[in-house]
Amino acid sequence: AYKKFSALLPKEERENACSVRVPKGQILTLPELRANPFQDRMCWVFSTSEEEDDSMSFEDFLEMLSVFSDSATSDIKSYYAFRIFDFDDDGILDKKDLEKLVNCLTGQGEESRLSNAEMEQLIQKILEESDIDKDGIINLSEFRLVVSRSPDF
């Protein structure tokens, strides 16, 4: 992990990699993130930058790698997935979050974009399957229950 992180830095900064922040643009060059539709959200969720520029310290980077490793528990994975999917950071997945989630998964291009009716139908189906208390939103507990039913998650 240290080698991968320090390789993102200019050569003159590599020996101080533990005390330097890597800019978001460099983090996004990683093959694991390059094609990920949630790359921006992942940087936002894992970055501890006080400037809110989504840059990462080595500790941030290590946490991100550990969450997505095979050894991470499903509780940890589901917690961070929930945070990544909670686009407005309000602690719930509402219809707007679900719409953004679907758009990320289906692509942003005109040819892949769902019609309003298709989007509404899909969001209703997601809520039917996930919204246990029928309050129109998915909270972390409900999300974890859905994830627990998906062994491939």
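All values derive from a computational prediction rather than experimental measurement.
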Pick one: which of Asp89, Asp54, Asp97 meets salt bridge (Lys or Arg N to Asp or Glu O under 4.0 Å) with Arg41?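 Exactly one option meets the salt bridge (Lys or Arg N to Asp or Glu O under 4.0 Å) with Arg41, and it is Asp89.
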About how many Å separate [atom2] of [Y] and [atom1] of [X], when rounded to the nearest 0.5 Å?
{"X": "Arg83", "Y": "Ser78", "atom1": "CZ", "atom2": "OG", "value": "12.5 Å"}
{"X": "Glu63", "Y": "Ser57", "atom1": "CD", "atom2": "OG", "value": "9.0 Å"}
{"X": "Met64", "Y": "Cys43", "atom1": "CE", "atom2": "SG", "value": "6.5 Å"}
{"X": "Ser55", "Y": "Asp60", "atom1": "OG", "atom2": "CG", "value": "7.5 Å"}
{"X": "Glu118", "Y": "Glu120", "atom1": "CD", "atom2": "CD", "value": "12.0 Å"}
{"X": "Ile126", "Y": "Glu99", "atom1": "CD1", "atom2": "CD", "value": "10.5 Å"}

Give a yes or no on whether the backbone of [Y] and the side-chain of [X] come within a donor-acceptor separation of less than 3.5 Å.
{"X": "Thr106", "Y": "Arg113", "result": "no"}
{"X": "Glu142", "Y": "Ile132", "result": "yes"}
{"X": "Asp131", "Y": "Asp135", "result": "yes"}
{"X": "Asp86", "Y": "Gly91", "result": "yes"}
{"X": "Asn36", "Y": "Leu33", "result": "no"}
{"X": "Gln26", "Y": "Pro23", "result": "no"}
{"X": "Ser6", "Y": "Lys3", "result": "yes"}

Lys/Arg-Asp/Glu bridge criterion (N-O < 4.0 Å) met for [X], [Y]:
{"X": "Asp40", "Y": "Lys24", "value": "yes"}
{"X": "Glu129", "Y": "Lys125", "value": "yes"}
{"X": "Lys100", "Y": "Asp88", "value": "no"}

Would [X] and [Y] show up in the same hydrophobic cluster when neighbours are defined by side-chain heavy atoms closer than 4.5 Å?
{"X": "Ile137", "Y": "Phe82", "answer": "no"}
{"X": "Phe87", "Y": "Ile92", "answer": "no"}
{"X": "Val146", "Y": "Leu105", "answer": "no"}

Where is the tightest heavy-atom contact between Ala17 and Tyr2, given as atom of each residue plus distance? CB-OH, 3.5 Å
Looking at Asn103 and Met119, what are the two nearest heavy atoms and their distance? OD1-CE, 3.3 Å
Check step by step if side-chain contact (heavy atoms from CB on, under 4.5 Å) holds for Cys104 and Leu101. CA-CA 5 Å; Cys104 281; Leu101 172 61; 5.5 Å; no
How about [X]: does its [atom1] atom have over 12 heavy atoms from other parts shown lying under 6.0 Å from it?
{"X": "Asn16", "atom1": "CG", "answer": "yes"}
{"X": "Glu15", "atom1": "CD", "answer": "no"}
{"X": "Glu128", "atom1": "CD", "answer": "yes"}

Consider only side-chain N and O atoms of Thr73 and Asp75, and report whether a donor and an acceptor are under 3.5 Å apart. no
Step-by-step side-chain contact (heavy atoms from CB on, under 4.5 Å) determination, Met42 to Phe68: CA-CA 11 Å; Met42 290 171 70; Phe68 295 106; 3.5 Å; yes
By ring-ring contact (aromatic ring centres under 6.0 Å, His included), which residues pair with Tyr79, not counting sequence neighbours? none
Hey, can you tell me if Phe85 and Phe38 have their rings parallel, tilted or perpendicular (30° and 60° cut-offs)? tilted
Hey, would you say the Phe46 and Tyr80 ring centroids sit under 6.0 Å apart? yes
Check Ile138, Asn139, Leu140 against Leu93 for a side chain to side chain contact (heavy atoms under 4.5 Å, CB included) and give me the one that passes.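 That would be Ile138.
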Can you confirm whether [X] sits close enough to [Y] that some side-chain heavy atom of one is under 4.5 Å from a side-chain heavy atom of the other?
{"X": "Arg21", "Y": "Thr48", "answer": "yes"}
{"X": "Phe5", "Y": "Cys18", "answer": "no"}
{"X": "Glu32", "Y": "Lys4", "answer": "yes"}

Check the pair Lys95, Leu127 against side-chain contact (heavy atoms from CB on, under 4.5 Å), reporting the backbone distance first and the verdict last. CA-CA 9 Å; Lys95 287 184 178 185; Leu127 288 171; 4.0 Å; yes
Run the side-chain contact (heavy atoms from CB on, under 4.5 Å) check on Gln121 and Leu114 step by step: do they pass? CA-CA 10 Å; Gln121 185 178 18; Leu114 298 179; over 6 Å; no
